[in-house]
Structures are given as structure tokens and as C-alpha cells.
Enquirer: 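Below are the C-alpha cells for one structure; questions will follow.
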Amino acid sequence: MFSAASVQPRTDSTIVVLLGTGVPRPDPAAAGPATAVVIGSRVFLFDAGAGIERQLVTAHLPINGVTALFVTHLHSDHTLGLPDLIFTSWVMGRTTPLAAYGPHGLRAMTDHIIAAWAEDIAIRTDGLEHETRAGYRVAVHEITPGVVYDSGGVKITAIPVSHGDWKEAYGYRIDTPDRSIVVSGDTRPSEALVAASRGVDVLIHEVYPAAKLAPEPRPGGADWPQYMRASHTSDTELGRLAGTANPKLLILYHVVKRNGATDDEMLAEIRRSGFTGKAVIGKDLQRY
Ligand SMILES: [Zn+2]
Ligand SMILES: [Zn+2]
């Protein structure tokens with residue numbers, strides 16, 4: 001009844017791989033923020049948190065360079081893996097510049113990283129390792145809101161979001177031949193992100209548990225709740241936003257200061273505040 005072709009798995013279907021769902025606090029179970037969207041042999045990375053190359057190898061994705069990296073913002077937890085991605089992929093065989101898209105400042109960050117490893121680059125290229133001279137380079141694209149990539153049926157749109165005092169922070173919408181995906185990056189509740197997420201297949205969004213927000217016992221810690229409200233999205237707010245956007249699947253990641261909140265408590269709060277669709281708390285190396 002079915003042709004052979006119809007039962008073959010599609011090799012070009014889009015898969016989301018959660019490479020890192022973590023936050024600044026080191027957690028062996030959650031690497032720094034990084035999400036891969038894989039379409040056939042093409043791998044698009046969103047953020048490069050700590051541990052990125054180890055997560056790529058564990059996920060059986062290429063360690064010698066991805067199709068392109070898209071950085072949401074330049075906070076260290078989202079970019080600590082950039083030197084790893086640049087140099088490890090080079091040493092593992094990358095021979096062409098790494099394509100990297102992100103806010104203004106990404107070029108200076110990349111230039112400084114390459115300058116910082118100047119002695120390594122000299123030894124590896126001039127010595128017996130004979131690494132290529134093009135492979136450690138990065139093709140930086142400092143972006144503005146709108147479509148930033150459109151090639152081979154994959155369109156990636158940068159959505160400006162509000163993240164505390166950052167002048168530029170982006171979420172990204174990825175449209176592939178078979179799926180639509182939005183990655184929030186770090187943001188307080190964003191109407192632009194809601195508008196870009198209406199009816200998408202997958203919305204991957206940061207979150208913190210509202211019930212656990214409290215001043216912190218450290219110098220300046222009294223401002224913590226104010227910082228969080230200006231910079232991040234609570235489960236209460238996310239339920240309301242997702243109720244409007246109505247994604248087919250909501251994946252929570254980058255859970256800031258969980259402070260004992262359980263997955264079930266956050267999911268219950270999201271339901272209570274307006275999103276009754278499918279929602280999960282993302283874990284490292286899960287595929288959707
Ligand atoms: Zn972050
Ligand atoms: Zn941030």
C-alpha cells in the first residue's frame with residue numbers, strides 16, 4: 001500500500017538538538033546555551049555556550065565546523081564556547097572561515113579571541129602540525145533586525161528583543177522547508193518575539209520561576225528582582241506570551257535561578273497563566 005519511498009525517513013527533515021540548556025552557573029548536566037537546528041547535512045547553531053564542541057561530538061554533529069553560528073547577544077554565558085568553536089573546529093579539519101552572525105561587537109570579540117591565541121596559531125601553522133591558514137578565521141556578519149540568512153530553503157530572521165541594558169540582543173526565527181522554529185535568546189517579555197512566534201512549530205524560550213524571585217544576600221543583591229524583571233521572562237509571563245503565540249511545542253531552556261523550583265511547578269504555572277498546549281523543560285542533548 002505504501003511505496004518504498006514513503007517509508008524512507010526523510011534525510012532533510014529539520015531536527016532541533018538542545019546542545020546546551022544551561023545558565024552561567026556551571027552544571028555538569030547542562031552545558032552553556034547552544035541550540036542546533038539540523039537540516040540534512042547543514043547545522044545552524046544558536047549561541048555557543050561553554051562546552052559547545054564536546055556537546056557537538058556527543059550529539060554526533062560535525063566538530064569541524066557548522067554551516068553558520070548565530071549569536072543572540074554577547075553575554076559571556078552565550079559566547080564562552082566561541083573560542084572552542086573557532087579553534088577546535090580548525091584543528092579538527094575546518095579549512096574555510098566560520099560564518100558567524102550576531103550583534104555589533106561580535107567582530108571585536110572575535111578579533112580579540114584570535115589575537116589572544118596568536119602563539120597557538122603561529123605554532124600550529126608554522127610548525128609540524130601544518131594547519132591551514134584560512135581555517136581559524138571567522139567571517140563575521142554584524143546584523144540588524146530582519147532576514148539575516150536566506151539560502152537553500154533556510155531563512156533566518158533576527159528579532160530584536162529587550163535584555164536589560166544590552167543595546168542589541170536578538171531572538172531568531174528559523175524557517176526551513178518543513179518547520180518553523182523560534183529561539184528566544186535572553187529577553188524580558190517581548191511583543192516582537194510573540195509576533196514572530198505565532199503558530200510556529202517550536203518555540204524555545206528562556207524562563208525563570210516567578211515564585212522564587214527574591215533579593216540575594218550579596219552586595220547589590222537587593223537589585224536582583226529588578227534586574228531579572230528587566231532582563232528575563234518569568235514562567236507567569238511566558239504562559240501568557242505563549243498563550244498568545246500558540247506554538248505547537250514550547251521548550252523551556254536557560255532556566256535562570258531555579259532556586260528549588262521543580263519542572264512540574266514551572267509547567268503548572270505556564271498552564272495556569274494561559275498556555276495549555278504542549279510544553280516541556282528542555283534537557284541537554286534532547287532532539288525535537
Ligand atoms: Zn544567558
Ligand atoms: Zn544574557
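What's counted below: heavy atoms across the whole structure, side chains too, no hydrogens, waters or symmetry copies. Whatever order the structure lists them in is the order used to number ligands and atoms, beginning at 1.
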Enquirer: Specify which N/O/S atom of D186 comes nearest to the Zn ion (ligand 1), by atom name.
Expert: OD2
Enquirer: Do H254 and H78 have a side chain donor and acceptor closer than 3.5 Å?
Expert: yes
Enquirer: Can you tell me the angle formed at the Zn ion (ligand 2) by ND1 of H75 and NE2 of H163, to 10°?
Expert: 90°
Enquirer: So that I can check it, does any N, O or S atom in H73 come closer than 2.8 Å to the Zn ion (ligand 1)?
Expert: no
Enquirer: Under a 4.5 Å cut-off applied to non-hydrogen side-chain atoms, are T132 and W90 in contact?
Expert: yes
Enquirer: Between K248 and D201, is the closest basic N to carboxylate O distance under 4.0 Å?
Expert: yes
Enquirer: Taking both backbone and side-chain atoms into account, decide whether H254 has an N/O/S atom under 2.8 Å from the Zn ion (ligand 1).
Expert: yes
Enquirer: Hey, are R133 and D126 close enough for a salt bridge, meaning a charged N less than 4.0 Å from a carboxylate O?
Expert: yes
Enquirer: Under the ring pair (Phe, Tyr, Trp, His ring centres under 6.0 Å) definition, can you give me all pairs with a residue in residues 185-204, not counting sequence neighbours?
Expert: none
Enquirer: Does any N, O or S atom in D77 come within less than 2.8 Å of the Zn ion (ligand 1)?
Expert: yes
